[in-house]
Structure formats: C-alpha cells, structure tokens
Number of protein chains: 2
Amino acid sequence: MLAAAGRSGQSEMGGDGSVFDGDPASGDAGFSARQNEVLEVALRLLVEGGDRALTTAALARAANCSKESLYKWFGDRDGLLAAIVTHQASRVRIIDAAALPKTRDEFEAALQLFAEDLLTVLLSDTSLALNRLSVGSVRGDNSGVGAVLLERGKRRIEERAHRLLEAGQAGGHIGFADAASAYQTLYGLIIGDLHINALLGDQSAVSTLSIGEQARGAVARFLTLYAPAKAGSKTST
Amino acid sequence: MLAAAGRSGQSEMGGDGSVFDGDPASGDAGFSARQNEVLEVALRLLVEGGDRALTTAALARAANCSKESLYKWFGDRDGLLAAIVTHQASRVRIIDAAALPKTRDEFEAALQLFAEDLLTVLLSDTSLALNRLSVGSVRGDNSGVGAVLLERGKRRIEERAHRLLEAGQAGGHIGFADAASAYQTLYGLIIGDLHINALLGDQSAVSTLSIGEQARGAVARFLTLYAPAKAGSKTST
DNA sequence: GCCGTACCGTACCGTTCGGTACGGTACGGT
DNA sequence: ACCGTACCGTACCGAACGGTACGGTACGGC
C-alpha cells in the first residue's frame, strides 16, 4: 500500500495573491510528469463528480492512459487516492519560516494572511472534494486516505500557525500558556462552522461574507482574547 | 425519492444527563415500531462499518428482515439513508424553549450545557458516522442526504442556540449586533478543529481534554468577547 | 374455513467496478 | 536491424451491489 509517496517539501515560493501555484505541473512530489498530468485529471474528475465519478475506467479514458498504467503507477485504487492527496498537498503554498513578523503590525498582518489563506484553501472546491473523499473513506481503525490528508495537509498548516503564534508571543504581542489550545481557538474563530457546512453541500457558506471580512473578524476576536496588555481577563483554566 | 419521511417533531422530553434518549425505540419520527427497529440496526451497521458496510443485503440479514420490506418501507437506498438520518435526529434531545435563563448564572449554565451537548453530539460515534455518510454523498448540486442532515440536525441546534443568545442579550448578559455572527463565533470556540479531525479519523480528538473542560474554556472565551460590561473592547465590525 | 395483509427468506437479474491480460505501437539504446 | 521499456486501447473476469420476483408463513377479520 502507498506505493509511490516520498519526498517532502522543496522549492517553496509564493508571490501572487493566490494560495495555489499557478503552474499545474510545478508542485512536484515524487511523481513523473506524466503521472502528475494524470493526477491532475483525476483531481478534476473528483471535483466535478465526487467519489463515485473517479473510477479507474473513467480516469483512464479522461486522461488518455491505460488502466494498466494506473495500476502499475499507483498499485491500487487506494494508492491512487493517496497519490491524489499527496499531489494536491504539494501544490498548496505554505509560507515557510523566513520573514517572521517582528512589529505588532507585521504580526497582525501575518495573522490576517494566515486566516485568509486558511479560508481560501479549506473552502476551495479542490479541498472540499478531497476532504469529502477522505472523510468518506474512514473505516473503523482509520489508516486510510484520511490519515494521509491529515498528515500532508492539516499538520503542515498547523505547524505554520504554531510558528506564527510563537513569534507573536516572543514579540510580546500575544500571551498564552498552551500553544495547542491557542491554535484551536484561532482555528475555531476563523472557520467556525463554515467548513462543515460547505462539506455538507450548503452553498450559502461564505457567500454572505467575503473571506477578507471573515478573516478580519476572526483576527480581531483572537487579539481581543490573547492580547496581554489589554483588558483584565483572568485566564481561566 | 424520499418515500417515507413525514411528520415533524413531537413528544419532546429529556430529563437525565445524557443527550440521547435512553430507549432506542422511543424517538418516534413517523416510522412503525418494526421500522424503527430496523433503522436502529442500520445505524449500528453504519457506525461499525461505515458507508460500504450498509448494503441492503447486509441490513436485511442483520435485522432479520427481507430486502423487499426495505424497499417497500423506504423506497430506495437513498430513502433508507434519509430515514436513518431522520430517525437519529429524532433521538437527539433538544432542550426546547421553556425555561430560558434569566439570571447571569443561569445564562452561563445554559451556555455551558449547550457547549457540552454540542460536543457530545458532534463527537459521538453515531453523529460521526452520519456526518461521514452525508458528506460522502454530496454530488455537485447537492440535494441528497447532506441536505437532510443539515435540515434535521444542524438547523435545530442552530435555533436552540439562537434562542439562547437572544435570551442572553435580552437579559443584558451579552451584547451583539449580528446574531448569526455571534453564533458562528460560539460554535467555532466550542468545536474548533475537533469535528473535522474526528471526521478524518484522528482518534486523539477529545481524549486530551475532557468535554467539560473544553466547553468551559469555550464559554469563558465567548463571554470575554461578548460580555458588555467588562473590558473596553470596541466591538469591531 | 377463507381471504387479505404483512412479512420473511431466497433466488435471481442487470449493471458497475476493481483488477488483469493481451495485442499493438512509439522510441531510445546498441 | 534488433530488443527492452513504457505506454495505450480494448477486452475480459469475478465479485459485489441495487433492485425485483416468487414462494412460504403467521395472523387478524369475517
């Protein structure tokens, strides 16, 4: 199982306004060019038609490749799904370390950017399709595609957030005792019930509020809660 | 489609500490005793084995009923799934109207109870299985089991929360301009990323923190944000 | 005693899908 | 000219599943 899945992050960069890399074939993750091409088509099928639309036959036909090649490359249908997740994860921009915020304004801006990125990614058609797929394939003791998505997607975002929070505390902009708890609060404030609603097919999800507005509100609330020099909260628990 | 699914809420009651009714066959929702019995078995199969374990043949065998009866009762496999969701929704206790909180302490207690209930329900095996099922069956333009779950499950909780928040504002315990926004904040603070993690099969979900602790923290943060007479927050947005 | 109703158990059908096998082709190396 | 590699396209197989049909049985009404 999981025949082809190696290599970790490399060659990160991001400059434009999008969270995704523009070039469909740039986010190498250990697959050949042809394989990435096929995975791209698979992803498209998945987004358009959901789980059941992604049959090996349909993928072979849509991608102009043979089923035999699919099984040679990915070994298994689950291997294919895992490969899709890995492939997509390598396409998401993760602003790495480097320019950690120093001033208060920089910190707030970084927080805002993180919130917007999180919302953009989590509510994108691609991510929703992938999450639906992963959620649907969790069987009892786990260890399926869901685990792959958790590892390749969520964990990385979580790490970025942790670094950001640590930097904020180091700079004296925020104060917290438990980083994990603080992160969970931040996540909750940003996402709310938007993600699960979107996953369940509720179209109204974000349309009411722009992503920028939603992110701004979340950041403001987060700072209200965790900014140290402000109001006299007794920090329960 | 959706052959047997009528009748709305009726005969609500709840007294013990659990969020679920104890009697498996009490939460009538328009189905006969035998049908509820079968739905109960279906729910068990779904929880134990996920989507793919719930085949009509397997259900018929496990519940000692014939496939023909299944199709007579629920018309369709989707009808069966919808019936399962409806059936389970009728089993969840929704503390209705009546004793709305007056004093500040009552309000906080009600908030705490709401948070604990929400966590208990959303992280229960049953709810997770149902959510996985619903999420997995969202095809493009929606209108599947996901919609049913949204309508029968989430909306009702949302309404309860709204009444609670309104009561809190009426009593002067909290202040907000937009109820929907306040609810979303409350939801986010309570759930965070626990729900999606649990849906993806992450066992560690709640084990770290007890539900009571998690709820307490969320309520404290919510009150910090929305209590009017406390610190001088400028209520952004 | 007769009939209708509701149900069970089993067998059956058509379709779909994962996975395999086979023949054919382009291409680069030697 | 020959061969290995990598690939495509198609056909095929076996299993599983949704859905239907049929025979049999318990039971209540009359």
Side-chain angles (χ1 to χ4, degrees), chain A residues 1-4 25 30-46 48-85 129 132-134 136-137 139-140 144-145, chain B residues 1-5 25 30-43 45-46 48-85 129 132-134 136-137 139-140 144-145:
Chain A
M1 58 293 282
L2 267 179
F31 302 112
S32 76
R34 179 75 180 119
Q35 286 169 12
N36 277 324
E37 213 174 305
V38 172
L39 288 177
E40 206 70 27
V41 177
L43 198 53
R44 186 169 56 78
L45 283 182
L46 201 63
E48 287 173 359
D51 187 11
R52 289 202 137 87
L54 186 69
T55 68
T56 54
L59 175 57
R61 185 157 26 83
N64 284 332
C65 76
S66 73
K67 287 175 64 175
E68 201 169 16
S69 298
L70 292 182
Y71 286 101
K72 173 184 282 188
W73 293 333
F74 309 112
D76 203 340
R77 185 172 190 263
D78 286 343
L80 170 65
L81 299 182
I84 296 176
V85 172
R132 291 201 187 99
L133 174 71
S134 307
S137 68
R139 308 258 166 276
V145 187
Chain B
M1 59 298 280
L2 267 178
F31 303 112
S32 77
R34 179 75 181 118
Q35 286 169 13
N36 277 323
E37 214 174 305
V38 172
L39 288 176
E40 206 69 27
V41 177
L43 197 53
L45 283 182
L46 200 64
E48 288 173 357
D51 186 12
R52 290 203 136 88
L54 187 69
T55 68
T56 55
L59 175 57
R61 185 157 26 82
N64 284 332
C65 78
S66 72
K67 288 174 64 174
E68 199 169 19
S69 297
L70 292 181
Y71 285 102
K72 174 184 283 188
W73 293 333
F74 310 112
D76 203 341
R77 186 172 189 264
D78 286 342
L80 171 65
L81 299 182
I84 296 177
V85 172
R132 291 200 186 100
L133 174 71
S134 306
S137 67
R139 309 259 165 278
V145 187

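Just the heavy atoms: all of them, side chains too, but no hydrogens, waters or symmetry mates, feed the values below. In the text below, chain A, chain B and the rest are named by the order of the sequence lines, each starting its count at 1. The model shown is predicted, which means the values in this text are computed figures rather than measured ones.
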Kindly give the heavy-atom pair with the smallest separation between [X] and [Y], and that separation in Å.
| X | Y | answer |
| --- | --- | --- |
| A:S66 | A:A60 | C-CB, 4.2 Å |
| A:A62 | A:V41 | CB-CG1, 3.8 Å |
| A:K67 | A:A57 | CD-CA, 4.1 Å |
| A:A53 | A:A58 | O-CB, 3.7 Å |

Considering every strand shown, what is the Watson-Crick or G-U wobble mate of D:dA15 when both distances are under 3.5 Å?
C:dT16
Is there a Watson-Crick or G-U wobble partner for D:dG24 with both distances under 3.5 Å, and if so, which one is it?
C:dC7
Let me spell it out: for each of B:T55 and B:E68, pick the nucleotide of DNA chain D with the closest heavy atom. Which residue's pick is nearer the 5' end?
B:T55
Once you round it to whole Å, what is the distance between [atom2] of [N] and [atom1] of [X]?
| X | N | atom1 | atom2 | value |
| --- | --- | --- | --- | --- |
| A:R52 | C:dT15 | CZ | C1' | 13 Å |
| A:R77 | C:dC17 | CZ | P | 9 Å |
| A:D51 | C:dT16 | CG | C1' | 14 Å |

Mind checking whether A:C65 and A:R34 have side chains closer than 4.5 Å, heavy atoms only?
yes
Measuring only between side-chain heavy atoms, which start at C-beta, is B:V145 closer than 4.5 Å to B:I84?
no
If you take any heavy atom closer than 4.0 Å to DNA chain D, which residues from residues 59-66 of chain A end up in contact?
A:N64, A:C65, A:S66
Side-chain N or O of A:T56 versus OP1/OP2 of C:dC17: is the shortest distance under 4.0 Å?
no
Contact interval (first through last nucleotide) of DNA chain D with protein chain B, 4.0 Å heavy-atom:
D:dC17 to D:dC22
Which of these passes side-chain contact (heavy atoms from CB on, under 4.5 Å) with B:V38: B:L80, B:L59, B:N64?
B:L59
By the side chain to side chain donor-acceptor pair (under 3.5 Å) test, which pairs, at least two apart or in different chains, include something from residues 50-63 of chain B?
B:D51-B:R77
